[in-house]
Amino acid sequence: MTQQPLVIVGGGMAGAMLALLLRRHGTEKVVLVESHPLTLPDKPPLTPSFDARSTALSAGTLVVLDKLGLGDAIREHAAAIGTVHVSRQSRLGTTRMSAEEEGVEQLGAVVENRWLGFVLLGALFSDDGISVRAPDTLASIRRLDDGYRINLASGESLETPLLIAADGARSKTREWLGISARDHDTGHDALIANLSLATPHDGVAYERFLNDGPLALLPLPDQRMALVWTGPRDQVAQWMALTDSEVLAQLQARCPAEAPRLTGIGERQRYPLVLTEACAQVVPHAVVVGNAAHTLHPVAGQGFNLTVRDLVALAQTVGGNPNPGSLSTLRAYAEQREKDQALISQTSRWVPELFRVQQPLFAHSRQLGLVALDIMPGLRSGFAKRAMGL
Ligand SMILES: Cc1cc2nc3c(=O)[nH]c(=O)nc-3n(C[C@H](O)[C@H](O)[C@H](O)COP(=O)(O)OP(=O)(O)OC[C@H]3O[C@@H](n4cnc5c(N)ncnc54)[C@H](O)[C@@H]3O)c2cc1C
């Protein structure tokens with residue numbers, strides 16, 4: 001079945017990136033099935049993945065994009081992160097991680113998802129080895145001895161030695177493969193919007209732990225910042241209902257004193273923070289990736305960066321492999337990724353919890369945590385390296 005295409009269901013950030021990585025690692029044919037229309041973009045797209053959000057790309061993800069020949073195009077409309085400023089409202093303990101201290105040019109870069117989509121889809125459509133079926137969805141799948149037969153809603157039928165589920169946290173493909181998933185509803189939502197500033201942000205990203213939940217301000221080009229503001233669902237509903245000037249005042253009051261003065265806010269959107277974890281990521285002839293495998297809290301901007309590390313390992317393991325769907329091959333991939341996935345998922349789960357607890361002992365220890373990070377460069381450096389994906 002080596003001449004048959006590998007089939008990816010879901011053309012979001014994970015699916016599009018994986019198609020390109022598979023081609024780079026020797027896969028001859030890839031078919032990408034996406035339920036939303038995807039056309040050769042002459043302007044940035046708008047799909048559930050490539051929407052109004054922005055993504056903080058780690059230095060490691062930028063290296064991967066460079067290898068795909070896409071780094072320069074991404075950087076054209078991205079803001080470099082030179083410093084990360086972490087603080088806790090009304091408490092001592094601020095820590096700064098800087099590119100200079102880490103001996104790198106930048107800690108990462110922030111790009112609007114629409115631009116990321118524009119660049120990824122542009123590359124996808126110019127690759128003859130990638131065929132896009134959009135809008136289309138799986139109508140049914142049938143297990144064969146050496147792969148899967150896939151029937152699409154359009155009536156087309158395909159056989160593949162490896163079916164890849166990249167169709168998001170509510171993945172239908174994962175369900176059809178018989179893989180269950182655990183959901184953890186945090187009861188919180190994230191409010192996202194773009195902000196304009198009175199003064200330049202100087203490449204500083206702010207991470208602020210508030211009693212309601214963490215807040216992040218990420219640098220964007222043109223003296224703007226991307227806001228990710230999390231809190232209990234009813235609280236976020238109230239922030240959504242405020243006028244622009246009211247919400248800006250509430251936000252500025254929660255920002256650290258060092259943050260720039262906020263002058264405007266764009267369209268506000270909210271995302272429920274339901275963390276999903278697939279109970280298995282590989283079965284014979286199928287693999288689950290991206291949000292379908294693990295949906296993380298956006299607190300440290302790690303979801304896509306973790307996924308990129310998964311996708312590189314997967315492409316290296318199955319790309320050009322004569323038997324890409326064998327369970328031993330897929331297990332080797334899963335084992336390779338287990339440690340990093342567990343560490344990042346647990347961290348992004350317990351950090352917001354830790355900072356939310358009100359008891360004095362916890363308040364003291366999280367304060368100590370920030371102070372410790374600031375006075376122990378080794379500890380801070382280890383933390384920064386992990387966040388940079390290096
Ligand atoms: C507020 C917020 C901020 C974030 N910030 C960061 C950050 O700064 N850095 C970072 O690394 N990560 C960040 N993330 C995480 C990042 O957004 C996710 O890792 C990423 O979206 C995962 O992409 P995905 O392609 O797996 O899933 P999705 O984005 O959900 O895409 C799934 C795709 O599958 C398609 N699809 C669904 N069902 C079907 C079907 N049946 N058939 C065909 N196609 C289908 C959908 O249309 C969609 O295009 C953030 C997340 C949130 C919510």
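Ligands are counted one by one from 1 in listed order, and the atoms in each one are counted from 1 as well.
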Exercise for the section: Look at atom 5 (N) of ligand 1 and say which protein heavy atom is nearest, naming residue and atom and giving the distance to 0.1 Å. Expected result: S54 O, 3.9 Å
Practice task
Determine if the distance from atom 42 (N) of ligand 1 to the closest protein heavy atom is below 4.0 Å.
Solution key: yes
Problem - Part of R170 within contact of ligand 1 (heavy atoms, under 4.0 Å) - result: neither
Exercise for the section: Consider only side-chain N and O atoms of T137 and S35, and report whether a donor and an acceptor are under 3.5 Å apart. Expected result: no
Problem - Proximal candidate to atom 35 (C) of ligand 1 [heavy atom criterion; set R270, E34, M13] - result: E34
Practice task
Tell me which protein heavy atom sits closest to atom 31 (O) of ligand 1, plus the residue, atom name and distance to 0.1 Å.
Solution key: S49 OG, 3.7 Å
Practice task
Give a yes-or-no answer on whether the side chains of N211 and R88 include a donor-acceptor pair shorter than 3.5 Å.
Solution key: yes
Exercise for the section: Would you mind listing which atoms of ligand 1 come within a distance below 4.0 Å of any non-hydrogen atom of H36? Expected result: 47 (O)
Handout entry: Minimum-distance protein heavy atom relative to atom 19 (O) of ligand 1
Key = F304 N, 3.2 Å
Exercise for the section: Could you tell me if the ring centre of Y206 sits under 6.0 Å from that of H85? Expected result: yes
Problem - Under 4.0 Å to a heavy atom of A166 - the qualifying atoms of ligand 1, by number - result: 32 (C), 33 (C), 34 (O)
Exercise for the section: Have a look at ligand 1 and work out which part of A169, if any, has a heavy atom under 4.0 Å from it: side chain, backbone, both or neither. Expected result: neither
Exercise for the section: May I ask you to check whether H294 and D310 show a side-chain donor-acceptor distance below 3.5 Å? Expected result: yes
Problem - Pairing of D66 and R75 as salt bridge, 4.0 angstrom limit - result: yes
Problem - Within-cut-off N or O pair, T137 and ligand 1, under 3.5 Å - result: no
Exercise for the section: Around atom 44 (N) of ligand 1, find the nearest protein heavy atom and jot down its residue, atom name and distance. Expected result: S35 N, 3.1 Å
Exercise for the section: Would you mind reporting whether L138 and W176 have side-chain heavy atoms less than 4.5 Å apart? Expected result: yes
Problem - V30-M17 co-clustered via ILVMFWY side chain contacts under 4.5 Å - result: yes
Exercise for the section: Run the numbers for me: atoms of ligand 1, each under 4.0 Å from some heavy atom of V33, listed by number. Expected result: 43 (C), 44 (N)
Handout entry: V9 near ligand 1 by a heavy-atom separation under 4.0 Å
Key = yes
Practice task
Distance to 0.1 Å, residue and atom name: give those for the protein heavy atom nearest to atom 26 (O) of ligand 1.
Solution key: N291 N, 2.8 Å
Exercise for the section: Inspect the contact between D51 and R114 and indicate whether a charged nitrogen and a carboxylate oxygen are less than 4.0 angstrom apart. Expected result: no
Practice task
Not counting sequence neighbours, list each pair that qualifies as a salt bridge (Lys or Arg N to Asp or Glu O under 4.0 Å) and has a residue in residues 281-300.
Solution key: none
Practice task
Please could you name the atoms of ligand 1 that G290 approaches to less than 4.0 Å, counting only its heavy atoms?
Solution key: 26 (O)
Practice task
Before accepting this row, confirm whether a basic side-chain N of the pair E156/R133 lies closer than 4.0 Å to the acidic partner's carboxylate O.
Solution key: yes
Exercise for the section: Have a look at ligand 1 and work out which part of P298, if any, has a heavy atom under 4.0 Å from it: side chain, backbone, both or neither. Expected result: side chain
Practice task
Considering only non-hydrogen protein atoms, determine which one is nearest to atom 37 (C) of ligand 1 and report residue, atom name and distance to 0.1 Å.
Solution key: D167 O, 3.4 Å
Problem - Contact (N/O only, under 3.5 Å) between A190 and ligand 1 - result: no
Practice task
Pull out every atom of ligand 1 sitting under 4.0 Å from any heavy atom of I192, numbered as shown with elements.
Solution key: 1 (C)
Problem - Main-chain N/O of S196 paired to T263 side chain as donor or acceptor, under 3.5 Å - result: yes
Handout entry: Pair D183 + R170: basic N to acidic O under 4.0 Å
Key = yes
Problem - ligand 1 contacted by T307 (non-hydrogen, < 4.0 Å) - result: no
Problem - Sub-3.5 Å N/O-N/O distance, T55 and ligand 1 - result: no
Handout entry: N or O pair under 3.5 Å between A56 and ligand 1
Key = yes
Practice task
List the closest protein heavy-atom neighbour of atom 25 (O) of ligand 1: residue, atom name, distance to the nearest 0.1 Å.
Solution key: A14 N, 2.9 Å
Handout entry: For atom 6 (C) of ligand 1, the option (of A205, G303, G168, G301) bearing the nearest heavy atom
Key = G301
Practice task
Determine whether the side chains of R208 and S87 contain a donor N or O and an acceptor N or O closer than 3.5 Å.
Solution key: yes
Exercise for the section: For the residue pair E101 and S98, confirm or rule out a side-chain donor-acceptor distance under 3.5 Å. Expected result: no
Exercise for the section: Output yes when K29 and D128 qualify as a salt bridge under the 4.0 Å nitrogen-oxygen rule, no when they do not. Expected result: no
Exercise for the section: Provide, to 0.1 Å, the distance between atom 17 (O) of ligand 1 and the closest protein heavy atom, together with that atom's residue and name. Expected result: R53 NH1, 3.2 Å
